[in-house]
Amino acid sequence: VQLQASGGGLVQAGGSLRLSCAASGRTLNSYRMGWFRQAPGKEREFVAAFSKSGGNTYYADSVQSRFSISRDNAKSTMYLQMNSLKPEDTAVYYCAADSPPFAITSMIRSGSSYDYWGKGTLVTVSS
């Protein structure tokens, strides 16, 4: 599967952005999907993900209640709605896909559990 993230940009603190991740090659429901980010000078970190069934969602504590992950299987697209953005949310955001056999649920926040990565999209939040 090929993944392409888009929707990044410059936004003021308190603003909102919606990122998209378009998948080509196979339908989204064949994968467990997630979002990660990497801020300048920092390691990549988990942001949000779906369970392998797609019925449950997981979030990093830092984005809980502000970010929301969703998907449209018919469009093979995953979204990350980001509200109440903070300067510390500034990062390159990546979408990722885990293919069968899926990693165990406890590993869902680990980037090493994902097999496919898209090119990132830069989100810059100004104070």
Side-chain angles (χ1 to χ4, degrees):
V1 65
Q2 292 184 325
L3 305 173
Q4 179 63 57
S6 62
L10 174 64
V11 63
Q12 288 189 330
S16 298
L17 277 176
R18 188 178 79 157
L19 305 184
S20 299
C21 174
S24 61
R26 294 184 66 176
T27 57
L28 272 188
N29 55 14
S30 300
Y31 303 94
R32 183 167 67 189
M33 304 295 296
W35 287 96
F36 288 76
R37 68 186 182 186
Q38 186 166 21
K42 295 188 177 181
E43 293 186 353
R44 182 180 62 195
E45 65 175 359
F46 170 78
V47 176
F50 285 100
S51 63
K52 60 183 179 181
S53 69
N56 294 313
T57 54
Y58 302 85
Y59 295 93
D61 290 343
S62 58
V63 307
Q64 184 78 45
S65 79
R66 299 188 298 121
F67 290 11
S68 178
I69 190 173
S70 62
R71 60 199 289 169
D72 185 333
N73 289 333
K75 295 182 178 179
S76 292
T77 303
M78 176 178 65
Y79 304 98
L80 183 68
Q81 177 67 43
M82 305 185 296
N83 299 327
S84 301
L85 282 161
K86 304 176 180 180
E88 51 263 43
D89 294 318
T90 294
V92 177
Y93 284 71
Y94 300 90
C95 56
D98 179 19
S99 60
F102 297 113
I104 57 177
T105 301
S106 61
M107 294 294 292
I108 203 168
R109 292 175 170 80
S110 172
S112 62
S113 297
Y114 295 80
D115 304 304
Y116 302 96
W117 293 83
K119 292 183 180 179
T121 184
L122 176 63
V123 172
T124 303
V125 184
S126 63
S127 56

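Counting from 1, the numbers follow the sequence of the chain as shown.
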Practice problem: Supply the atom-to-atom distance Lys52 NZ to Ile104 CD1, rounded to the nearest 0.5 angstrom. | Solution: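 With rounding to 0.5 Å, NZ (Lys52) is 10.5 Å from CD1 (Ile104).
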Quiz prompt | Distance, nearest 0.5 Å, that separates OH of Tyr114 from CZ of Arg32 | solution =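 Interatomic distance, Tyr114 OH to Arg32 CZ, rounded to 0.5 Å: 5.5 Å.
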Self-check item: Any residue meeting side-chain contact (heavy atoms from CB on, under 4.5 Å) with Ser70, in chain and number order, not counting sequence neighbours
Solution: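 Ser70 satisfies side-chain contact (heavy atoms from CB on, under 4.5 Å) with Tyr79 only.
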Quiz item: Residues two or more places apart in sequence or in another chain: which of them pass side-chain contact (heavy atoms from CB on, under 4.5 Å) with Ser112?
Solution: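 In terms of side-chain contact (heavy atoms from CB on, under 4.5 Å), with neighbours along the sequence ignored, Ser112 is linked to Met107, Ser110.
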Practice problem: Return yes when atom CD of Glu88 has more than 12 non-hydrogen atoms of other residues, nucleotides or ligands closer than 6.0 Å, and no otherwise. | Solution: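 More than 12 within 6.0 Å, yes.
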Self-check item: Neighbour count >12 (heavy atoms, 6.0 Å) for atom CD, Gln64
Solution: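 More than 12 within 6.0 Å, yes.
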Exercise. Report the residues that fulfil salt bridge (Lys or Arg N to Asp or Glu O under 4.0 Å) with Asp89, sequence neighbours left out, ordered by chain and then residue number.
Key: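 Asp89 satisfies salt bridge (Lys or Arg N to Asp or Glu O under 4.0 Å) with Arg37, Arg66 only.
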Practice problem: With sequence neighbours excluded, tell me which residues meet ring-ring contact (aromatic ring centres under 6.0 Å, His included) with Phe67. | Solution: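 None.
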Quiz item: By ring-ring contact (aromatic ring centres under 6.0 Å, His included), which residues pair with Phe50, not counting sequence neighbours?
Solution: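 Applying ring-ring contact (aromatic ring centres under 6.0 Å, His included) to Phe50 gives none.
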Between [X] and [Y], is there a donor-acceptor pair closer than 3.5 Å when you use the side chain of the first and the backbone of the second?
| X | Y | result |
| --- | --- | --- |
| Asp98 | Ala103 | yes |
| Arg71 | Leu28 | yes |
| Thr90 | Val125 | yes |
| Tyr31 | Pro100 | no |

Transitively linked via ILVMFWY side-chain contacts under 4.5 Å: [X] with [Y]?
| X | Y | value |
| --- | --- | --- |
| Met78 | Phe102 | no |
| Tyr116 | Phe46 | no |
| Tyr58 | Trp117 | yes |

Identify the heavy atoms of [X] and [Y] that sit nearest to each other, and give their distance.
| X | Y | result |
| --- | --- | --- |
| Ile108 | Phe36 | O-CZ, 4.3 Å |
| Leu10 | Ser126 | CD1-CB, 4.3 Å |
| Ala13 | Ser127 | CB-CA, 4.3 Å |
| Tyr94 | Gly118 | CD2-O, 3.4 Å |

Quiz prompt | Side-chain heavy atoms of Ile69 within contact of Tyr59, under 4.5 Å | solution =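 In short, these two side chains touch, coming nearer than 4.5 Å.
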Self-check item: Leu3 and Met33, any side-chain heavy atoms less than 4.5 Å apart
Solution: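 A side-chain contact under 4.5 Å exists here.
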Quick one: side chains of residues 16-25, donor-acceptor pairs under 3.5 Å with protein atoms, not counting sequence neighbours, listed by atom name and distance.
from, atom 1, to, atom 2, distance (Å)
Ser16, OG, Asn83, OD1, 2.9

